[in-house]
**Student:** 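There's a structure below that I have some questions on.
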Amino acid sequence: MADWAGLNNDLLVEIAKRVKVIEDFIVFGCVCNSWRKASTKDNFDVLSPQLPLLMLPQKDDYREFYSISKGKISRRLYLPEAKGRECFPSHQMGWFFTQSLDVGEEVRLLNPFSATKIQLPTLIEDLEYPYIINAILSANPSFISDYVLVISYHTYVEQFAFWRPGDINWTQINLTRTYGGVYNMIYYKGQFYFVTWTAELGIIDVQGPEPRVDSLKINLNDDKKFFCQNSTHFYLVEVNDALLLVVRFGRSRSNAYGARHTFKYEVYEIDVVKGNLKEINNLGDSTIFLGFNASTCINSTIFTGVKPNHIYFTDDWCDDGEDIGCYNLENGNIESFYPGLSLNYIFSPTWVIPSL
C-alpha cells in the first residue's frame with residue numbers, strides 16, 4: 001500500500017504547483033502534515049482564473065459554497081464573523097465587505113477562505129450611522145497593501161466615501177449634485193464606475209488632490225424604454241477588456257404576492273469616450289455572473305459545466321430569494337443551475353470568487 005504521507009517534499013511541491021483551483025488546493029493541504037507543508041501560498045498560482053462559487057445563506061456559524069462545475073456544495077466553512085451580517089463581495093477579489101443589520105455596528109473586510117479579517121473605521125455622519133449599500137476594492141488585499149475601498153451609503157441622500165490601509169477614518173467625497181440610489185459599482189481600468197437605479201452612470205475619482213464624482217454622459221436612444229421601468233436592475237461588468245452595462249428585467253410572479261422573477265436580459269457595451277451604448281447579442285465563450293454587489297465574467301472554456309454566452313444570476317430583488325437561474329443570451333431561455341431554494345430575502349445567495 002502506498003505511503004502518500006511519505007512522499008518526497010520536492011515532489012509534493014511540484015504537485016501542489018500544478019493544482020490551479022483554490023478549492024482543490026485547500027483540500028490538498030488537508031490530507032496530512034506533509035501535504036499541508038507543501039501547500040503554501042507561494043506554491044499556488046494566484047493569477048490562475050477561478051470559478052465563482054455560490055455562497056448560500058448562513059446556517060448557524062457556517063456558510064456553504066455551491067460549485068457549478070461540481071454540481072454540489074464544494075465547501076462548508078466556519079464563519080462566525082459573517083453570522084447575521086450582510087456580505088458585499090468585491091469585484092473579482094475573493095473578499096467581501098460585511099456589516100451588521102444593526103446600524104452602527106463595526107464593519108470589516110473578510111476573506112472567507114483564509115479567514116483573514118481587516119477591521120474598518122465606523123462611518124458616522126452628522127451623529128448618524130449611514131447604511132452602506134455598495135463596497136468595491138481596487139485590488140486584492142491578499143497580495144497588495146496599496147489598495148482603495150470605495151463605498152456608497154445612504155443617509156438622507158446618496159453619498160460616497162473611501163478608505164486606504166492606514167487611514168484612521170473614512171474620507172468622504174464632496175458632491176456637487178445629488179444622485180439617485182447607486183445600484184452597482186465596478187473598478188475598471190484604474191477608475192471606480194457606478195450605475196444608479198435609474199441607469200445614470202458616473203465615475204468616482206479618488207486619485208487626485210480633490211476626490212470627486214463626475215457624471216458619465218451617455219447618449220441613450222429613444223427606444224430604451226427600460227430606463228423608466230420599475231422592475232429593472234443595472235450592472236456593470238468587464239468582459240474582454242470592455243465595460244458592459246447589463247440590464248435585468250423582472251415582473252411579478254402569479255404565485256407569490258409582490259415577488260418578482262427575471263424574464264429577460266439585455267447587454268450593452270459602454271463607449272466612455274464617445275458616450276454611447278452598443279447592444280451586444282453574443283458573448284462568445286464568455287459567461288457573466290450577476291448578484292448583489294457582485295458582477296464578474298469568466299472564460300467558460302476553462303471550466304467544466306459552465307455554459308458560454310450565458311448569464312448566471314441570483315435573486316437581488318429583495319423578495320423571497322427564489323429568483324436564481326441561468327439565462328441564454330442567444331434564445332432567451334432560462335434554466336435552473338442550483339437544485340435548492342434560498343427562501344431568505346435578507347441573506348440571498350451571492351457569488352464569491354475564491355482567494356487565498
**Student:** Starting at NZ of K17, measure out to CZ of F25 and round the result to the nearest 0.5 Å.
**Tutor:**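 That separation rounds to 10.5 Å.
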
**Student:** Contact between I15 and F28 at the side-chain level, heavy atoms closer than 4.5 Å - yes or no?
**Tutor:**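 A side-chain contact under 4.5 Å exists here.
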
**Student:** CG/L53 to OG1/T350 distance, rounded to the nearest 0.5 angstrom?
**Tutor:**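 Output value for this atom pair is 11.5 Å.
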
**Student:** L110 versus R85: any side-chain heavy-atom pair under 4.5 Å?
**Tutor:**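 When only atoms from C-beta onward are counted, R85 and L110 do not touch, as no gap falls below 4.5 Å.
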
**Student:** Should we count CG of N282 as having more than 12 external heavy atoms under 6.0 Å?
**Tutor:**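 Counting neighbours around CG of N282, more than 12 heavy atoms of other residues, nucleotides or ligands fall under 6.0 Å, so yes.
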
**Student:** Should the ring pair H233 and W197 be called parallel, tilted or perpendicular, given that the plane angle runs from 0 to 90° and is split at 30 and 60?
**Tutor:**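 H233 vs W197 ring planes: perpendicular.
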
**Student:** For K37, does the NZ atom have more than 12 heavy-atom neighbours from other residues, nucleotides or ligands under 6.0 Å away?
**Tutor:**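 Count not over threshold, so no.
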
**Student:** Below 4.5 Å, heavy atoms only, C-beta onward: do Y187 and E238 meet side chain to side chain?
**Tutor:**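 SC-SC contact between Y187 and E238 ruled out.
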
**Student:** Using a 6.0 Å distance limit plus a 45 degree cone around the ring axis, check whether R76 lies over the aromatic ring of Y62.
**Tutor:**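 Output yes; distance and angle both within limits.
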
**Student:** Atom CZ in F88, atom CG in N134: separation rounded to 0.5 Å?
**Tutor:**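 Between F88 CZ and N134 CG, I get 7.0 Å after rounding to 0.5 Å.
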
**Student:** Any idea how Y312 and F337 line up, ring-wise: parallel (<30°), tilted (30 to 60°), or perpendicular (>60°)?
**Tutor:**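 Y312 and F337: perpendicular rings.
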
**Student:** For a 4.5 angstrom cut-off between non-hydrogen side-chain atoms, does Q50 reach S355?
**Tutor:**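 No, side chains not in contact.
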
**Student:** Distance-only, no hydrogens or angles: does the S295 side chain make a donor-acceptor pair with backbone N or O of V237 under 3.5 Å?
**Tutor:**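 Such a contact is absent between S295 side chain and V237 backbone.
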
**Student:** How long is the span from the CD1 atom in I203 to the CG atom in L216, to the nearest 0.5 Å?
**Tutor:**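 One finds 5.0 Å between CD1 of I203 and CG of L216.
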
**Student:** Evaluate the side-chain proximity of F65 to P354: yes if any heavy-atom separation is below 4.5 Å, no if none is.
**Tutor:**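 In short, these two side chains do not touch, never coming nearer than 4.5 Å.
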
**Student:** Pairing donors with acceptors under 3.5 angstrom, does anything connect the side chains of T301 and N299?
**Tutor:**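 Side chains of T301 and N299: pair found under 3.5 Å.
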
**Student:** Honestly curious: do V273 and L244 fall in one hydrophobic cluster under the side-chain, below-4.5 Å linking rule?
**Tutor:**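 No, separate clusters.
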
**Student:** Find out whether L109 and Y147 are in side-chain contact, i.e. whether some heavy atom of one side chain is under 4.5 Å from a heavy atom of the other.
**Tutor:**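 SC-SC contact between L109 and Y147 confirmed.
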
**Student:** Determine whether the aromatic ring centres of F162 and F192 lie less than 6.0 Å apart.
**Tutor:**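 Ring-ring flag for F162/F192: false, centres at least 6.0 Å apart.
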
**Student:** For a side chain to side chain donor-acceptor pair (under 3.5 Å) check, start with the C-alpha distance between W95 and S142, then their side-chain angles and the critical distance, and finish with the verdict.
**Tutor:** CA-CA 9 Å; W95 289 70; S142 298; 2.9 Å; yes

**Student:** What do you reckon, is NZ of K20 surrounded by more than 12 foreign heavy atoms closer than 6.0 Å?
**Tutor:**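 Enclosed.
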
**Student:** Return the orientation label for the F263 and F249 ring planes: parallel under 30°, perpendicular over 60°, tilted otherwise.
**Tutor:**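 Rings of F263 and F249: tilted, 30 to 60°.
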
**Student:** For the pair R108 and E81, evaluate salt bridge (charged side-chain N to carboxylate O under 4.0 Å, His left out) and give the outcome as yes or no after the intermediate values.
**Tutor:** CA-CA 9 Å; R108 63 174 76 101; E81 302 89 350; over 6 Å; no

**Student:** Quick check: are there more than 12 heavy atoms from other residues, nucleotides or ligands sitting under 6.0 Å from CD of Q119?
**Tutor:**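 Yes, the 6.0 Å shell around CD holds more than 12 heavy atoms from other groups.
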
**Student:** Tell me whether V13 is reachable from V27 by hopping between hydrophobic residues (I, L, V, M, F, W, Y) whose side-chain heavy atoms are closer than 4.5 Å.
**Tutor:**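 The answer is no; the residues belong to distinct hydrophobic clusters.
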
**Student:** Answer yes if V21 and F289 sit in the same cluster of Ile, Leu, Val, Met, Phe, Trp and Tyr residues linked by side chain heavy atoms under 4.5 Å apart, and no otherwise.
**Tutor:**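 Not linked; separate clusters.
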
**Student:** Can you classify the ring geometry of F160 versus F194 as parallel (below 30°), tilted (30 to 60°) or perpendicular (above 60°)?
**Tutor:**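 Ring orientation, 0 to 90° scale: tilted.
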
**Student:** Rounded to the nearest 0.5 Å, how far apart are CD1 of I73 and CG of L54?
**Tutor:**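 CG of L54 is found 9.5 Å from CD1 of I73.
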
**Student:** Measuring from I311:CD1 to R248:CZ, what's the distance to the nearest 0.5 Å?
**Tutor:**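 One finds 9.5 Å between CD1 of I311 and CZ of R248.
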
**Student:** Between L245 and F234, is any pair of side-chain heavy atoms under 4.5 Å apart?
**Tutor:**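 Touching, per the 4.5 Å side-chain cut-off.
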
**Student:** Applying side chain to side chain donor-acceptor pair (under 3.5 Å) to Y193 and Q191, what does each step give before you reach the verdict?
**Tutor:** CA-CA 6 Å; Y193 290 81; Q191 293 278 13; over 6 Å; no

**Student:** Do S67 and S69 pass the side chain to side chain donor-acceptor pair (under 3.5 Å) test, and can you show the C-alpha distance, the side-chain angles, and the key distance before you say yes or no?
**Tutor:** CA-CA 5 Å; S67 169; S69 288; 4.8 Å; no

**Student:** Just do the side chain to side chain contact (heavy atoms under 4.5 Å, CB included) check on C87 and R63 with the steps written out, would you?
**Tutor:** CA-CA 11 Å; C87 299; R63 287 293 179 103; 4.2 Å; yes

**Student:** Would you say the side-chain atoms of D61 pair up with the backbone N or O of P80, donor to acceptor, closer than 3.5 Å?
**Tutor:**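 No: the side chain of D61 does not pair with the backbone of P80.
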
**Student:** Run W351 and Y235 through ring-ring contact (aromatic ring centres under 6.0 Å, His included) and show every step you take.
**Tutor:** CA-CA 14 Å; W351 300 107; Y235 308 84; over 10 Å; no

**Student:** May I ask you to check whether over 12 heavy atoms, not counting those of D146, lie within 6.0 Å of atom CG?
**Tutor:**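 Not more than 12 within 6.0 Å, no.
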
**Student:** Yes or no on side chain to side chain contact (heavy atoms under 4.5 Å, CB included) for Y183 and D316, after CA distance, side-chain angles and deciding distance?
**Tutor:** CA-CA 11 Å; Y183 187 75; D316 58 2; 2.5 Å; yes

**Student:** Do T287 and K307 make a side-chain contact, defined as non-hydrogen atoms from C-beta onward lying under 4.5 Å apart?
**Tutor:**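 With C-beta onward as the side chain, the pair stays apart.
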
